[in-house]
Amino acid sequence: MAEAILQVKDLVKHFPVRQGVLFKRTIGHVKAVDGVSFDLLKGETLGVVGESGCGKSTLAQVLMRLEPPTGGTALFEGRDMFKMRGAELRKLRRDIQIVLQDPYTSLNPRMTVGDIIGEPFEIHTDVAPKGSREGKVRELLDVVGLNPEHINRYPHQFSGGQRQRIGIARALALRPKVIICDEPVSALDVSIQAQVMNLLGELQRDLGLSYVFIAHDLSVVRHLSDRVAVMYLGKVVEIGTEDEIYGQPSHPYTQALLSAVPVPDPQLRGRREIIRLTGDVPSPINPPSGCRFRTRCWKAQDICAEQEPELVTRVAGHPSACHFAEAQVVVP
Ligand SMILES: Nc1ncnc2c1ncn2[C@@H]1O[C@H](COP(=O)(O)OP(=O)(O)OP(=O)(O)O)[C@@H](O)[C@H]1O
Ligand SMILES: [Mg+2]
């Protein structure tokens, strides 16, 4: 088995909710990420899936060290990444990169693509000495399937899919080991989505990258993911291999998400039960006691309000945080 490049343990990120004159009084906390643990293995893709507001982007921001954690640890290549300073932190900032959802807003409209992709070299001057930068940017354009001759064009002269390729080229500039993809294809048309996903897959194979791939729904991450973590209100409720999550989901929330994935084969379509979740996602400021999913769960019993289910393996060979975890055999 491959070794872990990133080991996240009990990671917590709470945001204070402030009120009053000058917002000086803290009246509560948004529990955006509330005790998340997982390993990312070298060369693998871990899909992270869950509804809007469950803490996916916050997790990404903390792992990028753009936000300090409230608690927990993360080891990058065995070393505590939240304690890194100086040269070690600069190295970390090369090794972990992010690709964001919206190529329209994440690229500076007044910079040429050459300057956008080459910008990381300005900070990390040792990666590419000044004279070699243009050549490196042209190479990167080629790697992501763009025409190197377009180096002096501006973002608005590219299509949505091409802009996402620019974002990917920029993320690759410093030769990272891990890329966190925060919904990189969610804003793109379905046909373009497939092209960008294929590119990410090829890059992973060629460069040995590890991905944390964030998405709203299970269908997007399936193709690329080796393993998938399902999040609900700041917690991972189920984690397993692609086969386990899609073939034998054991948490009711995963089963509900999966039942919403369209089935392409009309012959099989009628055979899958659609589970409609009732009610809204509760507020992450005051999550329900015990199991956070219980207010929307058809299996909920008294124990679910009293005891928080741990994320442990009960059935189907993979961890699931449900007192009544039960493997469902899914019709493909
Ligand atoms: N800087 C912040 N200050 C206060 N609350 C925040 C901040 N950033 C995020 N939150 C809150 O934390 C929770 C998780 O947000 P986050 O953006 O991580 O969710 P998400 O899973 O990425 O959602 P989406 O699928 O919509 O992108 C939300 O309730 C959000 O309002
Ligand atoms: Mg998000």
Side-chain angles (χ1 to χ4, degrees), residues 8 10-19 27-38 46-63 67 69-72 101-102 182-183 186-187 212-222 228-240 245-246 249-262 273-311 319-326 328:
V8 178
D10 300 324
L11 194 67
V12 174
K13 178 67 192 180
H14 291 178
F15 295 105
V17 183
R18 297 209 167 89
Q19 220 181 39
I27 56 159
H29 288 92
V30 180
K31 296 171 178 136
V33 173
D34 210 17
V36 163
S37 304
F38 62 82
L46 176 71
V48 175
V49 169
E51 280 164 290
S52 187
C54 70
K56 306 180 297 295
S57 295
T58 303
L59 176 67
Q61 301 284 312
V62 174
L63 294 178
E67 288 278 356
T70 309
Q101 171 175 355
D102 195 347
D182 190 356
E183 309 216 33
S186 302
V212 174
F213 196 101
I214 295 171
H216 263 85
D217 77 277
L218 280 163
S219 59
V220 173
V221 297
R222 177 163 199 172
V228 175
V230 178
M231 279 185 78
Y232 187 78
L233 272 180
K235 297 219 171 240
V236 172
V237 297
E238 183 163 5
I239 184 165
I245 296 294
Y246 294 86
S250 70
H251 195 288
Y253 182 58
T254 311
Q255 292 168 358
L257 285 184
L258 208 54
S259 87
V261 171
E273 184 195 356
I274 304 241
I275 304 164
R276 284 184 215 289
L277 289 179
T278 50
D280 292 328
V281 182
S283 159
I285 299 174
N286 276 313
S289 66
C291 172
R292 293 178 181 201
F293 184 61
R294 70 177 164 83
T295 55
R296 299 168 81 196
C297 184
W298 60 96
K299 284 187 173 174
Q301 307 275 330
D302 292 348
I303 186 182
C304 304
E306 290 150 17
Q307 250 184 55
E308 185 169 345
E310 278 180 65
L311 182 64
S320 167
C322 174
H323 293 301
F324 302 102
E326 205 178 354
Q328 177 197 39

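Everything numeric here is computed off the predicted structure, so don't read it as measured data. Below, each value reflects all heavy atoms present in this structure, side chains not excepted, and no hydrogens, waters or symmetry copies.
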**Request:** Can you measure from OG (S320) to CD (Q255) and round to the nearest 0.5 angstrom?
**Result:**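 Result: 8.0 Å between the selected atoms.
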Between [Y] and [X], is there a side-chain heavy-atom distance shorter than 4.5 Å?
X	Y	value
V261	Y246	no
V36	M231	yes
V48	F38	no
P252	R296	no
L46	I239	yes
P69	K13	no
I245	E238	yes
V33	V62	no

**Set of residues satisfying salt bridge (Lys or Arg N to Asp or Glu O under 4.0 Å) with respect to D34, sequence neighbours excluded** =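 Scan of D34 (salt bridge (Lys or Arg N to Asp or Glu O under 4.0 Å), adjacent residues dropped) gives R292.
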Give the table of side-chain donor-acceptor pairs shorter than 3.5 Å for residues 277-288, with sequence neighbours excluded, one pair per line with atom names and distance.
| unit_1 | atom_1 | unit_2 | atom_2 | d |
| --- | --- | --- | --- | --- |
| S283 | OG | I285 | N | 2.9 |

**Item:** Non-hydrogen atoms of P16 and R18 that approach each other most closely
**Value:**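 Scanning both residues completely, I find the closest heavy atoms to be CG-NH2, 3.6 Å.
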**Request:** Using modelled atom types only, decide if a donor and an acceptor are shared between the side chain of H323 and the backbone of Q301 within a distance under 3.5 Å.
**Result:**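 Answer holds: no.
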**For Y253, ring pair (Phe, Tyr, Trp, His ring centres under 6.0 Å) partners two or more places apart** =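 Listed in chain order: Y232, F293.
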